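Throughout, protein chains are lettered first and strands after them, A, B, ... in sequence-line order, and every chain is numbered starting at 1. Just so we're clear, the structure is a prediction, and the values are computed from it rather than from any experiment.
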Amino acid sequence: MASFQQRTQGCGELRLAHAGQTVTLNGWVHRLRDMGSLVFADMRDGTGLCQLFLDPANHPIPEIKTETCISVTGQVVERADKDKNPNSPTGEVDVVVETMQILNPSKPLPFPLNDETQMQSVNEELRIKHRYLDIRRPSMRKKLALRAAAVRKIRAYLDARDFIETETPIFTKSTPEGARDYLVPYRLEPGLFYALPQSPQQYKQLLMVAGLERYYQIAKCFRDESQRSDRQPEFTQLDLEMSFVTQEDILRLIEGMTVSVINELIDEFELDKDHLAPFPRLTYDESMARYGCDKPDLRFELELFDLSEAVQGTEFGVFKGTLENGGKVRGVRYPGGASLSRKEVGELEDFAKSFGAKGMASIAITSEGQGSENEFTSVSGLVAKAGFLKFLQPEQIEAILSTSGAQAGDLLCIIADEYMAGNNVLYRLRHEIGERTGLRDPRKLAFCFVMDFPLVEWNPDEKRWDSMHHPFTSPKAEDMDLIETDPGAIRADCYDIVCNGTEWASGSIRIHRPDVQARVFRLLGIDDARQKERFGHILEAFSFGAPPHGGIAPGIDRMIMFLLNEENIREVIAFPKIGLGQDPMMEAPSEIDEVQWKEMGLRRN
RNA sequence: GCGGGUGUAGCUCAGUGGUUAGAGCACCGGCCUGUCACGCCGGGGGCCGCGGGUUCAAGUCCCGUCAUCCGCGCCA
């Protein structure tokens, strides 16, 4: 038998229809309004809030404070019309308390969890330290509920399509390629370590060798790298792999799942979001040329333009030098930017410089000139204004205006640099401009596929080719012969899903033939001995009739962030880590006992 | 590893180098029978992150340091 009276209803469920019934509620005191002998208390449980009416005529006023845990029995009564609260779903009734059992009192709270406005600015470390209180807030509960629903729908979608959800080990083997591993010392032989998986990559491929054909897992992944507002040392991916499929099969499956799951969530949680449409597809090269990055924010246009042709032959030193060295002169429109002050343009240039730009040329576009000598009036009537225009021929300026699609009010932001360095500046400028002009619409979820990544990229520091995705990614069949002749030109069967300028999912068709894998390893400078040491198990597995296979892995945390417009990943995780990977609630990482040091065969320093 | 922001009461924040460092909320006491951010009266509460320095005098200026947030590098 329970030591308390168990509830008959949820607080948030009470309606006028319950009037006259005697109900029992379990929950917490959310807020108190003490009118002297008469007391009103908002009571909260997982279903919502209702108002308790405490009158000493019915029951002595008990010693309750905010967040006292209580069990209450009383009659639901309709309020007088003038006392009804239209702002509350339960605002037409009161529960007239007949008995109240105090299940557990509460100390004064570290932050006002019954005040959403104030909670917005409460120190986040304090919230995480007392996360068990923070999560009592209905708004936090809702985030976790949305997350649970997302995972539930994903499971339902994949289960209905014959996927087999399979767990893979958390203690596994270190693979120095990629991110830094979290390591776990092996007690029985000091000097040996497990690593926590950066992803279940090899296991899922081995499950394909094992003939599972369709695998998924809601998988924890661990990467010991610097934190960002959208990165945690441990995070969750939907890890997925299929056999006997083409890239197209995987893209269709994951797109279908994403559209279905997200559109259902938007409806079920009444999110202020537009429904998803089919995803546009871009090649890596297109994405770089049009948006300057492999994770474009497609909520708005403002594509980059290339002026290299337009200014060919110019005597303007910065452009001339860049073009002679094989670089590009490219730019992005800033609608409304023509009205920026000289100082503000300078600040925008500083912004560009902070991402490696050597400088930023800018042209203000207006519809009427002011007779200044820096102006140029085009045949279309647009007036361009910039100090360096005097170094350009009229036809070059006309070409700039037409190529850029300049409109009155624009500021053309122009970066002259080596192609990739320029991209790195231009895409950040584009996103900044999108932010400033309000084009990054919070209602929109602009998903797209970015495909056909290069297989490898040159690492100038180490003087070698590195995998762009991971070493098991398959070169496109038609590029296979380039492995030994022109590695930089190899396209991979590799694809990302991007949402609103953030990478969301990454996947590829894998290499399933040992001979191809060996050629790629050779290209990556991983010699036979090292292949055997690091990847012997998977190479051997591939030699037993491994099927063609491929997969993809979208981030669950980020998916919830997109849906809730959260800028911080910690907001969608029940117990997140802060700053340098610490948990201020558990106080982890922590010292260990002397006995444990000894047992693990470890020494300090 | 680097750059920027923040650090003052339990919480959120004010605070020209010059009285005894303040406010709102919270907390404690009192009053209040229809509140719903209840209201009114009163009270307690401070290592001004920490350590140096400049100064007659430092929350305020300088140097260092720690913590945290954001970003860069990093993140197959």
Side-chain angles (χ1 to χ4, degrees), chain A residues 30-43 49-58 61 65-67 77 79-88 90-92 94 96 106-130 133 175-181 197-199 201-202 221-233 235 350-351 353-356 424 428 432 453 455-457 459 461 465-473 492 494 503 506 508 520 524 526 534-535 553 555 567-568 570 578-580 582 584:
Chain A
H30 188 70
R31 179 175 277 122
L32 281 164
R33 289 176 293 279
D34 185 346
M35 315 301 294
S37 55
L38 192 66
V39 175
F40 295 96
D42 291 334
M43 182 170 176
L49 293 168
C50 66
Q51 179 168 273
L52 305 181
F53 180 84
L54 292 128
D55 184 334
N58 306 314
I61 304 292
K65 291 173 186 149
T66 308
E67 295 308 312
V77 299
R79 298 189 199 176
D81 282 346
K82 70 177 174 56
D83 295 331
K84 288 179 179 170
N85 183 352
N87 300 319
S88 165
T90 60
E92 289 187 290
D94 286 331
V96 178
S106 174
K107 291 201 298 187
L109 302 163
F111 44 71
L113 62 87
N114 61 9
D115 186 333
E116 276 301 310
T117 311
Q118 288 190 54
M119 285 307 295
Q120 310 261 323
S121 51
V122 168
N123 177 281
E124 198 195 357
E125 187 183 356
L126 193 71
R127 285 175 53 208
I128 294 173
K129 182 169 180 167
H130 302 276
L133 293 176
T175 52
E177 294 77 12
R180 193 176 295 111
D181 286 319
Q198 296 178 26
S199 79
Q201 183 61 36
Q202 293 191 45
C221 304
F222 307 87
R223 294 178 193 175
D224 185 2
E225 294 292 347
S226 290
Q227 299 308 289
R228 289 289 185 279
S229 60
D230 60 353
R231 292 193 335 220
Q232 278 275 293
F235 60 99
D350 289 341
F351 173 86
K353 282 180 176 170
S354 73
F355 297 105
N424 186 44
R428 293 173 199 267
E432 173 70 12
F453 282 76
L455 182 74
V456 291
E457 61 190 340
N459 180 334
D461 297 332
W465 294 100
D466 281 349
S467 286
M468 195 133 172
H469 187 51
H470 59 60
F472 311 110
T473 304
C494 185
E503 181 189 317
S506 194
S508 63
V520 171
L524 298 173
I526 304 173
R534 288 288 164 202
F535 305 110
E567 288 177 8
N568 196 307
R570 293 183 292 270
I578 61 168
L580 304 175
Q582 299 125 319

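Here the P atom of nucleotide B:rU35 and the CG atom of A:Leu52 are 17 Å apart, to the nearest Å. Regarding A:Glu225, its CD atom lies at a distance of 14 Å from the P atom of B:rC72, rounded to whole Å.
The A:Pro108 side chain lies nearest to B:rC27 when the options are B:rC75, B:rG34, B:rC27. Residue A:Arg231 places its side chain closer to B:rG73 than to any other of B:rC25, B:rG73, B:rC36.
With sequence neighbours excluded, the residues forming a ring-ring contact (aromatic ring centres under 6.0 Å, His included) with A:Phe453 are A:Tyr284, listed by chain and number. Residues forming a salt bridge (charged side-chain N to carboxylate O under 4.0 Å, His left out) with A:Arg223 (at least two apart in sequence, or on another chain): none.
Under the Watson-Crick or G-U wobble criterion, with both distances below 3.5 Å, B:rG22 is paired with B:rC13. The partner of B:rA58 is absent, by the rule that a Watson-Crick or G-U pair needs both atom distances under 3.5 Å. Using the Watson-Crick or G-U wobble rule with both distances under 3.5 Å, B:rC36 pairs with nothing in any strand shown.
Looking at heavy-atom distances under 4.0 Å, A:Arg31 makes contact with sugar-phosphate atoms alone, never a base. A:Ser354 comes within contact range of no nucleotide atom at all, as no heavy-atom separation falls under 4.0 Å. No contact: A:Asn114 has no heavy atom under 4.0 Å from any strand.
For A:Arg428 and B:rG71, the shortest distance from a side-chain N or O to OP1 or OP2 is not below 4.0 Å. For A:Arg223 and B:rC74, the shortest distance from a side-chain N or O to OP1 or OP2 is not below 4.0 Å. Taking side-chain N and O atoms only, A:Arg33 has no distance below 4.0 Å to OP1 or OP2 of B:rU35. One finds no side-chain N or O of A:Lys82 lying less than 4.0 angstrom from the OP1 or OP2 phosphate oxygen of B:rU35.
The aromatic rings of A:His470 and A:Phe472 sit tilted, their planes meeting at an angle between 30° and 60°.
Ring-to-base geometry does not place A:Phe111 in a stacked arrangement with B:rC11 (centre distance under 5.5 Å, plane angle under 30° required).
Residues A:Ser121 and A:Asn85 each lie close to RNA chain B; by heavy-atom proximity, the contact nearer the 5' end of the strand is made by A:Ser121. Nearer the 5' end of RNA chain B, as judged by each residue's closest nucleotide, is the contact made by A:Glu124, out of A:Glu124 and A:Arg228.
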